[in-house]
Amino acid sequence: MDPEKDVLFLILTSHGSPDGLAIKAGRLTETLTPSRLRDMLAKTGVRHKVVVISACYSGVFIPRLATPDVLVITAADDKHPMFGCVAGLFRPHIGRLLSRKGAPFL
């Protein structure tokens, strides 16, 4: 990957809260905060990034991540659950759209 010419495309889908995204790996459960994700992305060294976050309250990430070189697309603002979020639905609308077979950019 050429850090100046290529684009890092990251899709995150999880349960969200005004604090960030729920992360579960084995027995580890924590919240990925906007500041922590910003720091993780900075360590990649890649200049141009697209970050898609499918979660309730995902707009909380915009102020920390969005720059002229980082496009942030969220499923909700920072004050509301996302449209289509219901118990038992594994991938709400934006997650289903992005994972569809034949999506032009995947």
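Numbers here simply count residues along the sequence, with the first being 1.
Within the 4.5 Å cutoff, the side chain of I62 has no heavy atoms near those of the D78 side chain. A 4.5 Å side-chain heavy-atom check between M1 and T44 finds every atom pair outside the cut-off. Taking the side chain as every heavy atom from C-beta outward, F61 and L37 approach each other to under 4.5 Å. In this structure the side chain of D19 never reaches within 4.5 angstrom of the side chain of Y57, judged on heavy atoms.
Annotation: the span from R47 atom CZ to T67 atom OG1 amounts to 9.0 Å, rounded to 0.5 Å. Of the inter-residue distances, the one linking F9 atom CZ with L71 atom CG reads 8.5 Å to the nearest 0.5 angstrom. Separation of atoms OG1 (T33) and CG (L21) is listed at 9.5 Å; rounding is to 0.5 Å. Between atom NE2 of residue H48 and atom CD of residue E4 there is a gap of 6.0 Å, rounded to the nearest 0.5 Å. Remark: S58 OG to H15 NE2 distance equals 13.5 Å, nearest 0.5 Å.
Under the 3.5 Å distance criterion, the side-chain polar atoms of T74 are matched with a main-chain donor or acceptor of A76. A donor-acceptor distance shorter than 3.5 angstrom exists from the side chain of S14 to the backbone of A22, with no hydrogens or angles considered.
A75 approaches S54 most closely through the heavy-atom pair CB-CA, 3.9 Å. Looking at every heavy atom in both residues, P3 comes nearest to G45 through CB-O, 3.2 Å.
S35 pairs by the side chain to side chain donor-acceptor pair (under 3.5 Å) definition with R64, not counting sequence neighbours.
Of the candidates V50, V70, L41, L8 forms a side-chain contact (heavy atoms from CB on, under 4.5 Å) with just one, namely L41.
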